[in-house]
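Small disclaimer: the values here were computed from a predicted structure and weren't measured.
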Amino acid sequence: MASQQIRVIGKKRKSHQEILGAPAVKGISITNASTDVVTDFIHLIISTTKQEVKDPFYVLDSGKIVTLMDKWNHSLPTVKPFYAVKCNPEPALLGILASLGANFDCASKAEIEAVLALGVSPDRIVFANPCKSESHIKYAATVGVNLTTFDSIDEVEKMREIHPKCGLLMRIKAPEDEGARCPLGDKYGALPEEYITLLEAANAANLTVHGVSFHVGSGATHSRAYRAAIAEAKAIFNTAATLGMAKMHILDIGGGFTAGLQFDDAAITIKKALKTYFSDDQDLMLISEPGRFFAEKAFTLVTNIIGKRVRGQLREYYISDGIYGSMNCLVHDHATLTAKPLAYTSNPDNPNCAGVKTHTSTVFGPTCDAFDTLLTNYQLPDLKVNDWLVWSDMGAYTASTGSSFNGFNTSAIPTYIAYSILN
């Protein structure tokens, strides 16, 4: 990971000091800024690193993380966020979230190790994978991660044999998930006809089922999906009580949140549903597994133009990252990408290309696969090799799901840290 730097804009506040002391963000330098922090910081990186090979890099705006945490705490004050590490495991991001009070949703031994390495207590981790390798369960038992999800009898048996002290959350399939960008119900989640069998199996194995977990799908667009799932969870709480099981006290409402109006709608729906179905449960612990809500808009990717071809009126550009790297989100996450030019080579007096004529363009990634095509029929100015393209909202399921195909290693892309504060 590259050396990290922070540029600060606006007045300092308590959260800023918390960021400076966060794990994986220590030993940084601070520079005051008087313009847009991320754009200005990108210029600083490009002008001062003097990369002989102009590699791609990320800028993480830690100020946005603070703002998003404030938004979460205001909109869903009773719901504790367990950040989904799979979305983006950047150590600095994990450290910032830990310093702001977030807990963590881990799905593997490696993710648990990454969180524990920051000094986070294991009781701030939920092992939110309904189907775990035995070796990963053994590791969780060794380090004291004592809460996990399940949706099958086989998983109950594994937990009984390997980690009998672990508390369970029964993962159910959300009744509605068709509005999600990436539905999950076909792979995970118990069906209604399986509820009683699973509860009885866990009870017979002397395992405590603390509550219910669901996930309406990543990038959910229909807030009503949360209401239907919360209603279903209440029915399971009641079923467990009729079976004579220990009183359930945890409801995990999963993830699927995106920052913006959709989150506002979801928060309203969730609070209304909780009031309708759980108003009589004063001991209920509410948790959630947001990933893209915190990560997506906080990261900006900057790529270098490494090649160009002109065919008539069409401009074709080749850049230093692509669909087998950060832009795999085009395929796996159904993302829509936008690029802005930084023409330091072709137009140093106007690098943002304000008012400059644009041309129909295609943007390719660096690999030798023709599938590695990122933008078509896209309007860009007439750029040159060694100019840059800037891609916003690149924090969710980008670097975390890339590969090293053709020798281009996504995990090696450095992350620099900025800190913007709204005045």
Side-chain angles (χ1 to χ4, degrees), residues 69 71-84 100-106 121-130 145-151 159 165-177 188-190 192 195-196 198-200 202-203 207-216 220 223-257 263-291 293:
M69 183 61 76
K71 174 72 172 178
W72 182 279
N73 290 334
H74 174 76
S75 300
L76 291 173
T78 63
V79 182
K80 188 73 171 178
F82 281 64
Y83 172 72
L100 296 174
N103 293 346
F104 296 92
D105 152 17
C106 297
S121 172
D123 62 8
R124 293 173 62 184
I125 296 173
V126 57
F127 199 168
N129 186 341
V145 174
N146 296 325
L147 184 64
T148 192
T149 56
F150 79 103
D151 68 358
M159 299 308 298
K165 294 182 180 180
C166 192
L168 303 182
L169 299 175
M170 189 169 78
R171 169 76 172 263
I172 64 170
K173 179 179 179 180
E176 297 182 31
D177 66 356
Y188 295 122
Y195 296 164
I196 292 178
L198 290 175
L199 292 173
E200 290 178 336
N203 204 32
L207 297 171
T208 302
V209 182
H210 291 295
V212 174
S213 167
F214 64 81
H215 200 301
V216 301
S223 63
R224 66 174 182 270
Y226 291 99
R227 181 179 181 86
I230 290 170
E232 191 80 351
K234 179 60 175 180
I236 297 169
F237 273 56
N238 293 338
T239 298
T242 62
L243 293 174
M245 298 176 63
K247 185 177 185 297
M248 290 184 176
H249 66 279
I250 301 176
L251 176 60
D252 179 355
I253 63 173
F257 304 99
F263 176 70
D264 296 335
D265 291 341
I268 292 171
T269 299
I270 289 167
K271 287 185 287 190
K272 286 182 178 178
L274 290 171
K275 185 176 181 179
T276 298
Y277 298 105
F278 284 94
S279 60
D280 60 343
D281 196 337
Q282 302 302 316
D283 299 323
L284 183 66
M285 177 181 177
L286 294 166
I287 69 175
S288 184
E289 303 166 9
F293 174 82

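- Using a cut-off of 4.0 Å between Lys/Arg side-chain N and Asp/Glu carboxylate O, R224 and D265 are scored as not salt-bridged.
- Between A190 and D151, the closest heavy-atom pair is N-CB, 3.8 Å.
- By the 4.5 Å heavy-atom criterion applied to side chains, S75 and F263 are counted as neighbours.
- Counting heavy atoms from C-beta outward, K71 and F293 have side chains that approach closer than 4.5 Å.
- Judged purely by atom type and a 3.5 angstrom limit, W72 uses its side chain to pair as donor or acceptor with the backbone of V79.
- The ring-ring contact (aromatic ring centres under 6.0 Å, His included) search around F237 returns F278, not counting sequence neighbours.
- The CG atom of L100 lies 9.0 Å from the CG atom of N73; values are rounded to the nearest 0.5 Å.
- A distance of 6.0 Å separates CD1 in I250 from CD1 in I287, rounded to the nearest 0.5 Å.
- Here the side chain of T149 pairs a donor or acceptor atom with the backbone of N129 at under 3.5 angstrom.
- Between A229 and I172, the shortest heavy-atom distance links the atoms O-CD1, 4.5 Å.
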Might you work through the ring-ring contact (aromatic ring centres under 6.0 Å, His included) test for F257 and Y226, ending with a clear yes or no? CA-CA 11 Å; F257 304 99; Y226 291 99; 5.1 Å; yes
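- For L243, the CG atom sits in a packed shell: over 12 heavy atoms of surrounding residues, nucleotides or ligands are nearer than 6.0 Å.
- Summarising the geometry, atom CG belonging to L286 is positioned 9.5 Å from atom CD1 belonging to I270; distances are rounded to the nearest 0.5 Å.
- Considering only residues two or more places apart in sequence or on other chains, N203 meets the side chain to side chain contact (heavy atoms under 4.5 Å, CB included) condition with M245.
- R124 and A102 make their closest contact through NH2-O, 2.6 Å (heavy atoms, listed as atom of the first residue, atom of the second, distance).
- With T242 contributing its side chain and T239 its backbone, the two residues share a donor-acceptor pair below 3.5 Å.
- To the nearest 0.5 Å, atom CG of residue L274 and atom CZ of residue R227 are 10.0 Å apart.
- Using a 4.0 Å cut-off between a side-chain N of Lys or Arg and a carboxylate O of Asp or Glu, D281 and K247 qualify as a salt bridge.
- With contacts defined as side-chain heavy-atom distances shorter than 4.5 Å, the pair E232/P192 qualifies.
- One distance of note links CG of L207 with SG of C166; it measures 8.5 Å at 0.5 Å rounding.
- With sequence neighbours left out, the ring-ring contact (aromatic ring centres under 6.0 Å, His included) criterion links F104 to no other residue.
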Do N146 and F127 pass the side chain to side chain contact (heavy atoms under 4.5 Å, CB included) test, and can you show the C-alpha distance, the side-chain angles, and the key distance before you say yes or no? CA-CA 8 Å; N146 296 325; F127 199 168; over 6 Å; no
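- With a 4.5 Å cut-off on side-chain heavy atoms, I253 and F214 count as touching.
- Of all heavy-atom pairs spanning V216 and G255, the tightest one is CG2-O, 3.9 Å.
- Between A240 and M248, the closest heavy-atom pair is CB-CE, 3.6 Å.
- Remark: the backbone N or O of M170 is not paired with any side-chain donor or acceptor of S213 at under 3.5 angstrom.
- One distance of note links CD1 of I230 with NZ of K272; it measures 13.0 Å at 0.5 Å rounding.
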